[in-house]
Asker: 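Below are the structure tokens for one structure; questions will follow.
Here the structure is a predicted model, which means the values were calculated and not measured. Atoms within each ligand, like the ligands themselves, are counted from 1 in listed order.
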Amino acid sequence: MSHQLIRSLLFKFDAEFSHDLTLKALSLSNKIGLLSFLKPPNPCKLRTVMGIPFQNPVGLAAGLDKNANHIDALGKLGFGFIEVGTITPRPQIGNPKPRLFRLPEVQGIINRFGFNNVGLETAVENIRLSKYKGVLGINIGKNFDTPIEKAGDDYLLCMKKVYQYANYIAINISSPNTKNLRDLQETKALNILLAQLKEEQTRLADYYGRYVPIALKISPDLTDKHLDTISKSIIKNRIDGVIATNTTISRESVSDLFNGKEVGGMSGKPLFKLSNSIIRELYERLQGEVPIIGVGGIFSGEDALEKINAGAELVQIYSGLVYQGRKLVLDACQSIG
Ligand SMILES: Cc1cc2nc3c(=O)[nH]c(=O)nc-3n(C[C@H](O)[C@H](O)[C@H](O)COP(=O)(O)O)c2cc1C
């Protein structure tokens, strides 16, 4: 069945229901061997980013597999890397439903999930049980009820537990759906957090005899001044990579649409230009010292290439996969080469 047909059926149901159903169907298809018939992407140039060799520069962005339940199946779709999470120390149910909304007119999505996840212990167990051998990023965050002054404790706890299973660890301080989370992007708080994470990373690298890079995931709703201070803090604290960007709270050009005024983070096509401009600005400030993983609104091979031209070394996809299916992964991979 074509992706368009499946999509038009799924789009008749509630967005979160369809999302869960699709992931379950994917894992079932994998269990019965159907995904083994999928055509792999054409070979790409091998690149090393953050010290990790990537066979293919197109990754799955965080949030699709929050609980690391579907890694094996997602690993068959042709991605060069998969990022699971956001995982928080304790399980939490997230915001009340409905909390996921489609904007089909502009191929956008608004979500206000609020880090619903099974918590660190169960997620790590899921990762441990997976058979996936590719590059795995583990995205970590804080519980909604941890006071922001204590956020560092949550990140450190998550980092300690996921370290030995991750190829890289993504630090999510940019979701708009956890109250005050984005305050961690402010200079003083960010410097404290990044210094704590660096210290813990050094200790863990010693303990396990393996260096696992850290990538900071930032918001697209940042001013030039914010970008100045964030870039300085990233360089100063020797953070290994930046993921740009998370979803936006801006509603430019969508506020008149059905669902356009829903509260939450918007992703998909309406985010493309904004995230590209952040990547460009960031690239100028980081001067090639810290690699950028570009994410936001990729819907074609050309879009993926535009992110690379803006300064990204790798890209990630989420909303485009929902609207276009896995062909997008192959197209993006082919265009970047
Ligand atoms: C439904 C949904 C849930 C998401 N959950 C997370 C999350 O838990 N952690 C995170 O870092 N990003 C999360 N994101 C953001 C994506 O990883 C990505 O940064 C953003 O959607 C932009 O990419 P896209 O336009 O390709 O979707 C989520 C996005 C969507 C659409």
Asker: Please produce the table of protein N or O atoms sitting under 3.5 Å from N or O atoms belonging to ligand 1, one pair a line, distance to 0.1 Å.
Answerer:
residue  : atom   : partner : partner atom : Å
ligand 1 : 5 (N)  : Lys66   : NZ           : 3.2
ligand 1 : 8 (O)  : Lys66   : NZ           : 2.9
ligand 1 : 8 (O)  : Thr86   : N            : 3.3
ligand 1 : 8 (O)  : Thr86   : OG1          : 3.4
ligand 1 : 9 (N)  : Thr86   : OG1          : 2.7
ligand 1 : 9 (N)  : Asn172  : ND2          : 3.3
ligand 1 : 11 (O) : Asn139  : ND2          : 3.0
ligand 1 : 11 (O) : Asn172  : ND2          : 3.1
ligand 1 : 11 (O) : Lys217  : NZ           : 3.1
ligand 1 : 12 (N) : Lys217  : NZ           : 3.0
ligand 1 : 14 (N) : Ala62   : O            : 3.4
ligand 1 : 17 (O) : Ala62   : N            : 3.4
ligand 1 : 17 (O) : Ala62   : O            : 2.7
ligand 1 : 17 (O) : Lys217  : NZ           : 2.8
ligand 1 : 19 (O) : Lys217  : NZ           : 3.0
ligand 1 : 19 (O) : Thr245  : O            : 3.0
ligand 1 : 25 (O) : Gly268  : N            : 2.8
ligand 1 : 25 (O) : Gly297  : N            : 2.7
ligand 1 : 26 (O) : Tyr318  : N            : 3.0
ligand 1 : 26 (O) : Ser319  : N            : 3.4
ligand 1 : 27 (O) : Ser319  : N            : 2.8
ligand 1 : 27 (O) : Ser319  : OG           : 2.6

Asker: Are the side chain of Ser335 and the backbone of Asp331 linked by a donor-acceptor contact shorter than 3.5 Å?
Answerer: yes

Asker: Any pair with a residue in residues 110-119 that passes side chain to side chain donor-acceptor pair (under 3.5 Å), sequence neighbours left out, goes on the list, sorted by first then second residue, please.
Answerer: Thr88-Asn117, Asn111-Asn177, Arg112-Glu262

Asker: Taking it one step at a time, do Asp221 and Arg182 satisfy salt bridge (charged side-chain N to carboxylate O under 4.0 Å, His left out)?
Answerer: CA-CA 10 Å; Asp221 306 315; Arg182 287 180 165 196; 2.7 Å; yes

Asker: Would you list the atom pairs, donor with acceptor, under 3.5 Å between side chains in residues 276-283 and any protein atom, with sequence neighbours excluded?
Answerer:
residue : atom : partner : partner atom : Å
Asn276  : OD1  : Lys307  : NZ           : 2.6
Ser277  : OG   : Leu274  : O            : 2.9
Glu281  : OE1  : Arg285  : NH1          : 2.7

Asker: Would you say Glu313's side chain and Ile308's backbone share a donor-acceptor pair under 3.5 angstrom?
Answerer: no

Asker: Is there any ring-ring contact (aromatic ring centres under 6.0 Å, His included) pair reaching into residues 210-248, and which pairs are they, with sequence neighbours excluded?
Answerer: none

